[in-house]
Amino acid sequence: MYKIVRKEILNPSVKLMEIEAPYVAKKAEPGQFIIFRIDEAGERIPLTIADFNREKGTVTIIFQEVGKTTKRLGQLAEGDEILDFVGPLGVASHFEGLKKVAVIGGGLGTAIAYPQAKKLHSLGIEVDTIIGFRTQDLIILEDEMAAVSDRLIVATDDGSNGHQGFVTDMLDKCIADGADYDLVIAIGPIIMMKMVSQLTKKYGIKTIVSMNPVMVDGTGMCGGCRITVDGEIKFACVDGPDFDGHLVDFDEAMRRQMMYQFEESEQKETHHCQGKEASNA
């Protein structure tokens, strides 16, 4: 069993948990993920490693309560335990030979972008970080990002936090102002990563995106996380999750993401109704 040693509410629907998992923490690197299961009857859910502490033997995960399992996880408290916590899985990010990098996080993708920025900063690489949210109330990890960035820009769609616009607007301005990036790392909704990749392709800047498709086993056996990269089928769990943003077929990835919308909404409604019945019992 894996104990929850710290729990923090980052915004109304996003929670942070620090999990006691010494063997995972010992090997974890930025870009990798875990798959957890709350109990024997639970489904397997992949989550990117948001941080790790080798000395304490802990791994931090950040998740949004969007479905039955993540809502159940969000109801657990410090001291509670979960059954399975498997990892680290996936290919770790590599940052050799870089001088200046832009790290882009969109919404919950900021939690995945954080360990990337932290690693780059620790290597002495100059880091410009741009994170975007719909509104100020949804902003997460602003202080943490500021601590590992040479420059941090926080943008909101509605302008409630000073910079109004999308992350692509901020990135375009940075490049136009003379920022000479060796690499751009974009992590967030698929449409955001697509737009960032289209922008950087115009400037000829190498771009890495983190793909998070439907995943079951995390070992490449189920094939559920397949995406097309440069015309070839890849599996995000074993070939990624980092891929060249200029080569990913984002349109196909978005179509696959929409395939289970009906089942997901049906499951949410069932879970909501069961919860209401339980509260009225």
Side-chain angles (χ1 to χ4, degrees), residues 1-38 42 44-67 69-93 95 103-123 127 129 131 133 138-149 152 154 185 187-188 210 212 215 218 236-237 240-242:
M1 301 291 282
Y2 298 86
K3 184 184 293 185
I4 301 167
V5 298
R6 181 167 69 98
K7 178 182 178 181
E8 185 178 340
I9 298 173
L10 300 183
N11 73 32
S13 65
V14 176
K15 291 182 171 65
L16 175 152
M17 285 184 175
E18 191 175 354
I19 310 294
E20 193 175 73
Y23 291 109
V24 181
K26 183 178 179 180
K27 298 289 187 179
E29 293 291 345
Q32 294 184 298
F33 65 96
I34 57 90
I35 288 182
F36 77 89
R37 191 169 56 140
I38 295 176
R44 296 178 178 88
I45 298 289
L47 288 174
T48 301
I49 295 171
D51 205 355
F52 51 87
N53 188 312
R54 302 198 202 284
E55 289 71 32
K56 290 172 59 180
T58 60
V59 173
T60 300
I61 54 174
I62 296 175
F63 58 95
Q64 186 171 19
E65 295 181 348
V66 292
T69 298
T70 49
K71 286 181 178 179
R72 281 190 62 206
L73 181 63
Q75 291 169 355
L76 298 180
E78 292 179 2
D80 288 341
E81 297 177 330
I82 59 178
L83 179 64
D84 295 328
F85 197 82
V86 180
L89 301 170
V91 181
S93 302
F95 303 125
V103 177
I104 316 295
L108 191 60
T110 300
I112 308 172
Y114 171 68
Q116 309 276 21
K118 183 180 180 181
K119 179 70 172 183
L120 289 161
H121 184 72
S122 72
L123 294 172
V127 180
T129 300
I131 52 178
F133 303 88
L138 299 178
I139 295 173
I140 61 172
L141 302 180
E142 183 175 4
D143 292 339
E144 290 84 352
M145 277 297 202
V148 298
S149 306
L152 173 64
V154 182
I185 299 172
I187 305 174
S210 181
N212 187 30
M215 200 176 292
C237 66
D242 290 354

Note, [X] side chain near [Y] side chain (heavy atom, < 4.5 Å):
{"X": "P241", "Y": "N212", "answer": "no"}
{"X": "F133", "Y": "I140", "answer": "yes"}
{"X": "V103", "Y": "L120", "answer": "yes"}
{"X": "I34", "Y": "L89", "answer": "no"}
{"X": "F36", "Y": "V86", "answer": "no"}
{"X": "V24", "Y": "F52", "answer": "no"}

In this structure, are over 12 heavy atoms from other groups packed under 6.0 Å from R44 atom CZ? no

Trace of the side chain to side chain contact (heavy atoms under 4.5 Å, CB included) decision for F63 with I45: CA-CA 11 Å; F63 58 95; I45 298 289; over 6 Å; no

The test is side chain to side chain contact (heavy atoms under 4.5 Å, CB included); show your working for S149 and H121 and say whether it passes. CA-CA 7 Å; S149 306; H121 184 72; over 6 Å; no

How far apart are the closest heavy atoms of [X] and [Y], and which atoms are they?
{"X": "G57", "Y": "A25", "result": "C-CB, 3.8 Å"}
{"X": "V154", "Y": "E142", "result": "CG2-OE2, 3.9 Å"}
{"X": "V127", "Y": "V148", "result": "CB-O, 4.0 Å"}
{"X": "P115", "Y": "A50", "result": "CD-O, 3.4 Å"}
{"X": "R37", "Y": "G42", "result": "CD-O, 3.1 Å"}

To the closest 0.5 Å, what do you measure between [atom1] ([X]) and [atom2] ([Y])?
{"X": "M145", "Y": "T129", "atom1": "CE", "atom2": "OG1", "answer": "5.5 Å"}
{"X": "S93", "Y": "K119", "atom1": "OG", "atom2": "NZ", "answer": "10.0 Å"}
{"X": "Y2", "Y": "I82", "atom1": "OH", "atom2": "CD1", "answer": "8.5 Å"}
{"X": "I19", "Y": "D80", "atom1": "CD1", "atom2": "CG", "answer": "10.0 Å"}
{"X": "I104", "Y": "I187", "atom1": "CD1", "atom2": "CD1", "answer": "10.0 Å"}
{"X": "I62", "Y": "L47", "atom1": "CD1", "atom2": "CG", "answer": "10.0 Å"}

Please walk me through it: do I38 and L83 pass side chain to side chain contact (heavy atoms under 4.5 Å, CB included)? CA-CA 5 Å; I38 295 176; L83 179 64; over 6 Å; no

Within the side chain of N11, is there an N or O that forms a donor-acceptor pair under 3.5 Å with the backbone of L138? yes

Would you list the pairs meeting salt bridge (charged side-chain N to carboxylate O under 4.0 Å, His left out) in which at least one residue belongs to residues 1-17, sequence neighbours left out?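 Only R6-E8, R6-E18, K15-E65 qualify under salt bridge (charged side-chain N to carboxylate O under 4.0 Å, His left out).
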
side-chain hydrogen bond (donor to acceptor under 3.5 Å, both in side chains) between T70 and Q64: does it pass, once the steps are laid out? CA-CA 7 Å; T70 49; Q64 186 171 19; over 6 Å; no

Under the side chain to side chain donor-acceptor pair (under 3.5 Å) rule, collect the residues that match up with E144, sequence neighbours excluded. none

Given the rule in the side chain to side chain contact (heavy atoms under 4.5 Å, CB included) test, do D84 and I35 qualify, once you have shown the distances and angles that lead to the verdict? CA-CA 8 Å; D84 295 328; I35 288 182; over 6 Å; no

Determine which pairs satisfy side-chain hydrogen bond (donor to acceptor under 3.5 Å, both in side chains) with at least one residue from residues 45-55, sequence neighbours left out, and list them in order. E29-R54, D51-K118

